[in-house]
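What follows is a set of notes on a single structure, which appears directly below.
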Amino acid sequence: MQTSIFDFINKFDLNKPMVERNETHSTQESWVRDNLLKRGFITRNECLSRYISRLAARIDTLKKDGMNIESENLKTAHGVDFVYYLVDR
């Protein structure tokens with residue numbers, strides 16, 4: 001299912017800043033988890049800009065650890081992005 005950016009904006013506060021990677025984020029997985037917990041969502045393009053190219057693998061591990069994560073295609077002004085978000089926050 002493809003969602004427009006406007007539908008997505010109604011679900012989440014897109015103004016929340018991403019968590020910066022620092023010494024507390026020893027792994028990509030911890031950075032992805034912290035962003036999901038803080039913001040409720042994370043996008044493929046955000047991760048690619050931080051050299052995390054295997055986001056789906058990080059999400060799979062988090063799901064196995066018990067996080068309830070869903071995903072959607074999001075139509076943006078620049079094409080399509082893939083968004084993962086927490087369910088039942």
Side-chain angles (χ1 to χ4, degrees):
M1 179 176 125
Q2 189 164 328
T3 304
S4 76
I5 187 72
F6 303 108
D7 295 332
F8 191 74
I9 289 170
N10 291 332
K11 281 187 188 178
F12 299 100
D13 180 4
L14 297 181
N15 294 319
K16 285 187 180 178
M18 281 189 287
V19 175
E20 293 300 321
R21 278 188 91 175
N22 57 38
E23 62 278 350
T24 63
H25 299 105
S26 59
T27 64
Q28 292 178 354
E29 182 182 319
S30 69
W31 184 81
V32 170
R33 181 181 52 248
D34 286 353
N35 268 281
L36 283 167
L37 291 173
K38 180 179 179 185
R39 298 168 66 216
F41 70 96
I42 197 159
T43 71
R44 179 184 55 109
N45 287 342
E46 290 171 342
C47 290
L48 288 173
S49 72
R50 285 168 169 67
Y51 305 104
I52 300 173
S53 60
R54 297 192 63 232
L55 177 59
R58 306 292 80 83
I59 294 295
D60 186 56
T61 302
L62 293 172
K63 283 182 175 181
K64 288 177 181 174
D65 288 345
M67 292 183 83
N68 190 5
I69 303 169
E70 295 288 328
S71 60
E72 306 184 10
N73 285 322
L74 177 67
K75 187 174 182 176
T76 67
H78 304 288
V80 177
D81 198 356
F82 205 73
V83 180
Y84 292 93
Y85 58 93
L86 284 177
V87 179
D88 302 326
R89 279 189 74 204

Requested in this report: Mind running side chain to side chain contact (heavy atoms under 4.5 Å, CB included) on Glu72 and Phe41 for me, showing each step along the way?
Outcome: CA-CA 11 Å; Glu72 306 184 10; Phe41 70 96; over 6 Å; no
**Report entry** Intermediate values then yes/no, side chain to side chain contact (heavy atoms under 4.5 Å, CB included), Asn35 and Tyr84
**Finding:** CA-CA 11 Å; Asn35 268 281; Tyr84 292 93; over 6 Å; no
Query raised in the report: For Val83 and Ser71, what are the C-alpha separation, side-chain angles and deciding distance, and is it a side chain to side chain contact (heavy atoms under 4.5 Å, CB included)?
Result: CA-CA 5 Å; Val83 180; Ser71 60; over 6 Å; no
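Judged purely by atom type and a 3.5 angstrom limit, Asp81 uses its side chain to pair as donor or acceptor with the backbone of Asn45.
From Leu62, atom CG reaches atom CZ of Arg33 across 6.5 Å, with rounding to the nearest 0.5 Å. For the atom pair Arg50 CZ and Gln28 CD, the distance stands at 12.5 Å (nearest 0.5 Å). Arg44 CZ to Leu74 CG: the interatomic distance, rounded to the nearest 0.5 Å, is 10.5 Å.
For Arg58, there are no salt bridge (Lys or Arg N to Asp or Glu O under 4.0 Å) partners at least two apart in sequence or on another chain.
Pairing each heavy atom of Ile52 with each of Trp31, the nearest pair is CD1-CE3, 3.4 Å.
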Please output the side-chain donor-acceptor pairs of residues 63-70 that fall under 3.5 Å, not counting sequence neighbours, one pair per line with the distance.
from, atom 1, to, atom 2, distance (Å)
Lys64, NZ, Asp60, OD2, 3.2

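One hydrophobic cluster, built from ILVMFWY side chains closer than 4.5 Å, cannot hold both Ile42 and Leu48; they sit in different ones.
Using a 4.5 Å heavy-atom cutoff, the side chains of Phe82 and Asn73 are in contact.
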